[in-house]
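Here the structure is a predicted model, which means the values were calculated and not measured.
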Amino acid sequence: MVEDLVVAAVAAGSAAVVYLAAAARVVKQYERGVVLRLGRLRSEIRQPGFTLIVPGVDRLRKVNMQIVTMPVPAQEGITRDNVTVRVDAVVYFKVVDPAEAVIQVEDYRFAVSQMAQTSLRSIIGKSDLDDLLSNREKLNQGLELMLDSPAVGWGVHIDRVEIKDVSLPETMKRSMSRQAEAERERRARVINADAELLASKKLAEAAQTMSHQPSALQLRLLQTIVAVAAEKNSTLVLPFPVELLRFLERAGHPEGPQTPPAPGPAADRAAAPPPVEEVPLDGASSPVEELPLGVTSPPVEELPLDRALPPLGELSLDGMVPPKEEPPPDEEPGAADTGRT
């Protein structure tokens with residue numbers, strides 16, 4: 001009798017050990033357990049630690065609650081400004097509802113991956129190339145919203161989405177490099193022009209200041225000479241003062257500068273050559289008048305055309321005009337004419 005009781009106790013203990021071994025489960029700290037009893041979802045979510053299920057009746061599925069990093073394969077698309085690009089990204093998400101992640105979607109990882117690829121192609125088609133290159137924060141937020149809206153029903157929360165790289169064609173890269181070079185050159189020219197303008201203003205102010213103190217200009221000249229001589233040059237350039245040139249100019253013209261006549265009829269008469277003196281009838285030539293130093297005598301070729309020259313026969317050897325013959329005094333001027341008639 002006692003032996004039967006011992007055998008029964010040993011058998012019961014062995015059965016209990018086997019049952020415990022079949023029903024015992026361990027849920028890790030970063031996991032949650034979802035129990036399906038006879039195919040139906042149990043509302044209780046098994047927390048981390050040791051837990052028991054009914055062997056053969058319950059089925060325990062463990063769901064990872066950590067943040068998952070999923071790379072999105074590079075997607076090729078055409079931007080809104082008709083540029084072909086290849087863009088890849090990375091998605092960070094985690095499960096917030098283990099029951100929904102098990103019941104609502106067959107494989108939430110695969111579903112998030114496919115949704116990320118389609119959303120990335122959609123973002124490429126709606127954006128410009130400049131936005132893809134410089135305004136990625138806005139695109140990341142838009143991509144995150146596109147992924148998060150369907151993922152909420154799957155018990156998945158999209159933590160963040162980042163665009164990693166944008167690959168451009170080689171021709172587009174060369175065009176962008178030329179554009180950037182031209183823009184840099186334009187900025188350099190504008191900066192150089194601004195510097196020249198500022199320097200000219202400062203030089204004007206310095207010249208105005210030195211005009212009140214002439215000795216300041218001389219000191220500046222001495223400083224320039226010292227700076228040139230400090231470089232150990234064999235040639236030293238000394239500037240010639242402009243004031244000395246003006247002094248020499250004033251010394252060469254003591255009567256003072258002559259002001260040019262005002263334009264008008266008087267100026268034309270003053271600029272005309274002096275008329276040729278008439279030769280007197282008695283044959284005596286008048287003395288040559290001295291012309292002022294500022295007026296030159298006209299050449300013979302410039303005599304006016306309206307003045308008739310005497311015939312060659314009336315000129316003597318010495319160039320004087322012979323006196324005109326007068327009729328005898330005893331004859332009347334009209335007698336000779338009467339006799340001829």
Steps toward side-chain contact (heavy atoms from CB on, under 4.5 Å) verdict (Leu129, Leu168): CA-CA 10 Å; Leu129 180 61; Leu168 300 176; 3.4 Å; yes

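- Contact check on Glu183 versus Arg186 returns a salt bridge, with a Lys/Arg side-chain nitrogen under 4.0 Å from an Asp/Glu carboxylate oxygen.
- For the atom pair CD of Glu205 and OG of Ser200, the computed distance is 10.0 Å after rounding to the nearest 0.5 Å.
- In this structure, Glu162 pairs ionically with Arg160, as a charged nitrogen and a carboxylate oxygen lie closer than 4.0 Å.
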Test log, rule side-chain contact (heavy atoms from CB on, under 4.5 Å), inputs His157 and Val152: CA-CA 6 Å; His157 172 68; Val152 171; over 6 Å; no

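- Here the straight-line distance linking atom CZ of Arg178 with atom CD of Glu181 works out to 9.5 Å at 0.5 Å rounding.
- Counting only distance, with no hydrogens or angles, the side chain of Ser127 and the backbone of Ile123 share a donor-acceptor pair below 3.5 Å.
- A heavy-atom distance below 4.5 Å is found between the side chains of Val112 and Phe93.
- With a 6.0 Å radius and a threshold of 12 heavy atoms from other residues, nucleotides or ligands, Lys94 has its NZ atom at or below the threshold.
- Clustering ILVMFWY residues whenever any of their side-chain heavy atoms sit less than 4.5 angstrom apart, transitively, puts Ile67 in a cluster other than the one holding Leu147.
- In this structure, Val90 and Thr69 have side chains that are in contact, with non-hydrogen atoms separated by less than 4.5 Å.
- No side-chain heavy atom of Ile124 sits under 4.5 Å from any side-chain heavy atom of Ile78.
- Atoms CD and OG, from Glu144 and Ser149 in turn, are 11.0 Å apart once rounded to the nearest 0.5 Å.
- For Pro55 against Tyr19, the heavy-atom pair with the smallest separation is CD-CE1, 3.5 Å.
- Side chain of Thr79 to backbone of Val83: a donor-acceptor contact under 3.5 angstrom is found.
- Heavy-atom minimum distance, Pro48 versus Lys28: CB-O, 3.3 Å.
- Counting heavy atoms from C-beta outward, Arg37 and Arg40 have side chains that stay 4.5 Å or more apart.
- Between Met65 and Pro98, the closest side-chain pair of non-hydrogen atoms falls below 4.5 Å.
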Verdict with reasoning, Arg25 to Leu52, per side-chain contact (heavy atoms from CB on, under 4.5 Å): CA-CA 6 Å; Arg25 296 290 186 272; Leu52 293 175; over 6 Å; no

Stepwise side-chain contact (heavy atoms from CB on, under 4.5 Å) check, Val72 with Asp88: CA-CA 6 Å; Val72 180; Asp88 55 352; 5.9 Å; no

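- Taken to the nearest 0.5 Å, the CG atom of Asn140 stands 12.5 Å off from the NZ atom of Lys138.
- Connection of Val156 to Phe110 is not established within any shared hydrophobic cluster, with ILVMFWY side chains joined at heavy-atom distances below 4.5 Å, either directly or through further cluster members.
- Looking only at distances, a side-chain donor or acceptor of Ser211 sits under 3.5 Å from a matching main-chain atom of Gln208.
- A pairwise comparison of heavy atoms in Trp154 and Ala111 identifies CZ3-CB, 3.7 Å as the closest pair.
- Panel note: side chain Thr118, backbone Met115; a donor-acceptor pair is recorded below 3.5 Å.
- In terms of heavy-atom proximity, Leu133 sits nearest to Met176 at CD1-CE, 3.3 Å.
- A donor-acceptor contact shorter than 3.5 Å links the side chain of Ser177 to the backbone of Arg174.
- With contacts defined as side-chain heavy-atom distances shorter than 4.5 Å, the pair Thr84/Glu76 qualifies.
- The backbone N or O of Asp131 lies less than 3.5 Å from no partner atom in the side chain of Asn135, so there is not a single donor-acceptor pair.
- Ile45 and Val27 fall into different hydrophobic clusters, where Ile, Leu, Val, Met, Phe, Trp and Tyr residues are linked whenever their side-chain heavy atoms come under 4.5 Å apart, directly or through other members.
- Side-chain heavy atoms closer than 4.5 Å link hydrophobic residues (I, L, V, M, F, W, Y) into clusters, and following such links, even through other members, never connects Val63 to Leu60.
- The number of heavy atoms from other shown groups lying within 6.0 Å of CZ (Arg136) is above 12.
- Put simply, the side chain of Val95 reaches to within 4.5 Å of the side chain of Tyr108, judged on heavy atoms.
- Heavy-atom neighbours of Gln179 CD from other residues, nucleotides or ligands within 6.0 Å: at or below the threshold of 12.
- In this structure a side-chain-to-backbone donor-acceptor pair under 3.5 Å is present from Gln75 to Pro73.
- Formation of a donor-acceptor pair under 3.5 Å by the Asn64 side chain with backbone atoms of Gln66 is found in this model.
- Within the model, atoms CZ of Arg42 and CG of Leu36 stand 10.5 Å from one another, a figure rounded to the nearest 0.5 Å.
- Between Leu219 atom CG and Met210 atom CE the span is 8.5 Å, to the nearest 0.5 Å.
- Of the N and O atoms on the side chains of Arg46 and Thr51, at least one donor lies less than 3.5 Å from an acceptor on the other residue.
- Side-chain N or O atoms of Lys62 include one that pairs as donor or acceptor with a backbone N or O of Val26 at under 3.5 Å.
- Ile158 and Val87 fall within a single hydrophobic cluster, where Ile, Leu, Val, Met, Phe, Trp and Tyr are joined by side-chain heavy atoms under 4.5 Å apart, directly or via other members.
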